[in-house]
Student: 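One structure is given below, represented as structure tokens, and several questions about it will come after.
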There are 2 protein chains.
Amino acid sequence: MALDTRTTLLDAAEHAARRRGYDGFSYGDLAQQIGIRKASVHYHFPNKSVLATTLVQRYFERFLRATEGFKAQHASAAGRLNATIDHYRAALEGGDCLCLCVAFSSGRDSLPPDAMDQVTSLRQAILEWLEAVFELAHLDGSIANLGDAGCEAQATLALLEGAQLAARAQNNLVPFDRAVQLLQDRL
Amino acid sequence: MALDTRTTLLDAAEHAARRRGYDGFSYGDLAQQIGIRKASVHYHFPNKSVLATTLVQRYFERFLRATEGFKAQHASAAGRLNATIDHYRAALEGGDCLCLCVAFSSGRDSLPPDAMDQVTSLRQAILEWLEAVFELAHLDGSIANLGDAGCEAQATLALLEGAQLAARAQNNLVPFDRAVQLLQDRL
DNA sequence: GTCTATATTCAGATAGAC
DNA sequence: GTCTATCTGAATATAGAC
């Protein structure tokens, strides 16, 4: 099934953004990668701000679908947290691809405000998901050594994003796995 | 005491790099900020790669001096870890300034290889410092709920760097404080 | 929808005067 | 050490032909 140009473009842009950040890819790069001219990229996304916003929106929707899947597949808090950890691990693609939230947060000042607002919303949604998981854990007892659900959520998101940075800095998954091991030991 | 131009330049560059990443500041920015022309910046640092490498080197030396201070001032593992957390908190400067390691790691692909090598070394030194702290904790018992020192070190670095990202995304220190609270509860 | 051609702006960098 | 002047390349973006 051949994808339309717009989708191919979004895929290429997302991958580039997650590897090199917002400043790190250009319309020229994207055009060359998918075999059209950069003026044609402007036909699909009139400017880079629109492209970035669309990118985060699509990423956001995918995240919501993913958590719906986790809820359907895992009844316990431990199962849902484990699935979330795997999600962040898989996003690394072996070690050189950050989650879009990390890639865009660190370059915050260069990101167009519209796109940054989207990132903030996404971040909030991730925190809410994690907080719900830890609230469930307080009921089902599937995670050891529980603290306040809000703090656990903030700490877990920080751990996952930091672990991604570490993996990327070394270009392999070992630092990620070591960083999350103590959390997984509680499951 | 008036600083020499070179030092003023390094200070401005470090601040800019930690706010906007490697791609996010230019010789023109620096020149304007300190009131000289950009050709004069090239006199002090012939190219941006040299500037970046110098920046990380200086940051590295400062980190080593900081940990020496922590060792002198705090005999317990808990005291040393708390000082390290404070160090990362202070580096945020209220919420819009990342540690150089985070700022440069996320833009890895655009960073000149020499500078990236320096970042890798710095990262390694931070991990060794944290690992030594957790090894001491195994002896002095000042940190509760201890796991393997290597994993604790990786997890702590990830937590601190992730907590910085969270604080920066929201432009205030609250997410940082919430993310590290459970760790501090163990001290 | 995609192209050529072009405008504008800005980046990193160098030569050479003072 | 700092300046003016200039080069080169690349980025975002637009106009208009096909």
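The chains referred to below are lettered A, B, ... by the order of the sequence lines, with proteins before strands, and numbering in each begins at 1.
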Student: I'd like to check the side chain to side chain contact (heavy atoms under 4.5 Å, CB included) partners of A:N171; sequence neighbours left out, ordered by chain and number.
Tutor: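 Listed in chain order: A:D96, B:R108.
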Student: For B:A132, does its backbone N or O pair with a side-chain atom of B:R80 as donor and acceptor, under 3.5 Å?
Tutor: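 Looks like no, no N/O pair under 3.5 Å.
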Student: Please tell me if A:Y43 has a side-chain N or O lying less than 4.0 Å from either OP1 or OP2 of C:dG1.
Tutor: yes
Student: Indicate whether OP1 or OP2 belonging to C:dG1 is found under 4.0 Å from a side-chain N or O atom of A:S40.
Tutor: no
Student: Does B:A153 have any side chain to side chain contact (heavy atoms under 4.5 Å, CB included) partners at least two apart in sequence or in another chain, and if so, which?
Tutor: B:L127, B:L130, B:E131
Student: Please state how far atom CZ in B:R6 lies from atom P in D:dT2, giving the value in whole angstrom units.
Tutor: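 Rounded to whole Å, this separation is 13 Å.
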Student: If you take any heavy atom closer than 4.0 Å to DNA chain C, which residues from residues 7-20 of chain B end up in contact?
Tutor: none
Student: Without decimals, in angstroms, what is the distance between B:Q32 CD and C:dC10 P?
Tutor: 11 Å
Student: Pairs counted as Watson-Crick or G-U wobble with both distances under 3.5 Å: what dot-bracket string results for DNA chain D, using | for bases tied to another strand?
Tutor: ||||||||||||||||||
Student: Name all residues meeting the side chain to side chain contact (heavy atoms under 4.5 Å, CB included) criterion together with B:S121; count only those two or more places apart in sequence or in a different chain, and write none if there are none.
Tutor: B:F60
Student: Got a sec, which residues hit side-chain hydrogen bond (donor to acceptor under 3.5 Å, both in side chains) with B:Q32, two or more places apart in sequence or on another chain?
Tutor: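 Not a single residue meets the side-chain hydrogen bond (donor to acceptor under 3.5 Å, both in side chains) criterion with B:Q32.
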Student: What's the CZ-C1' distance between B:R37 and C:dG16, to the nearest Å?
Tutor: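 My rounded result for the distance is 17 Å.
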Student: If a pair satisfies side-chain hydrogen bond (donor to acceptor under 3.5 Å, both in side chains) and one of its residues is in residues 49-59 of chain A, list it, with sequence neighbours excluded.
Tutor: A:D11-A:R58, A:E14-A:R58
Student: Which residues satisfy the side-chain hydrogen bond (donor to acceptor under 3.5 Å, both in side chains) test with A:E161, sequence neighbours excluded?
Tutor: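 With sequence neighbours excluded, A:E161 shows a side-chain hydrogen bond (donor to acceptor under 3.5 Å, both in side chains) to A:R123, given in chain and number order.
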Student: Under 4.0 Å from OP1 or OP2 of D:dT2: is there any side-chain N or O of B:T5 that close?
Tutor: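 Looking at the OP1 and OP2 atoms of D:dT2, one of them is under 4.0 Å from a side-chain N or O of B:T5.
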Student: Name the atoms and distances for all side-chain donor-acceptor pairs under 3.5 Å in residues 67-79 of chain A, with sequence neighbours left out.
Tutor:
from	atom 1	to	atom 2	distance (Å)
A:T67	OG1	A:F63	O	3.4
A:T67	OG1	A:L64	O	2.9
A:S76	OG	A:G79	N	2.9

Student: Specify the separation, in whole Å, of atom CG of A:L30 and atom P of D:dA10.
Tutor: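 That distance rounds to 16 Å.
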Student: In whole angstrom, what separates A:D23's CG from D:dA11's C1'?
Tutor: 11 Å
Student: In chain order, what residues pass the side chain to side chain contact (heavy atoms under 4.5 Å, CB included) check against A:S26, with sequence neighbours excluded?
Tutor: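 Result, side chain to side chain contact (heavy atoms under 4.5 Å, CB included) vs A:S26: A:D29.
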Student: Keeping A:K48 on the side-chain end and A:P112 on the backbone end, is there a donor-acceptor pair under 3.5 Å?
Tutor: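 The answer is no, because no donor-acceptor pair under 3.5 Å joins these two groups.
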Student: Check the distance between D:dG1's P and B:I34's CD1 and give it to me in whole angstrom.
Tutor: 13 Å
Student: Using nucleotides 12-14 of chain C, report all nitrogen or oxygen pairs with the protein that are shorter than 3.5 Å.
Tutor:
from	atom 1	to	atom 2	distance (Å)
C:dG12	OP1	B:K48	NZ	2.9
C:dG12	OP2	B:Y27	N	2.9
C:dG12	N7	B:K38	NZ	3.2
C:dG12	O6	B:K38	NZ	3.1
C:dA13	OP2	B:K48	N	2.9
C:dA13	N7	B:H42	NE2	3.2

Student: Who are the side-chain hydrogen bond (donor to acceptor under 3.5 Å, both in side chains) partners of B:Q33, not counting sequence neighbours?
Tutor: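 B:Q33 satisfies side-chain hydrogen bond (donor to acceptor under 3.5 Å, both in side chains) with no residue once adjacent residues are dropped.
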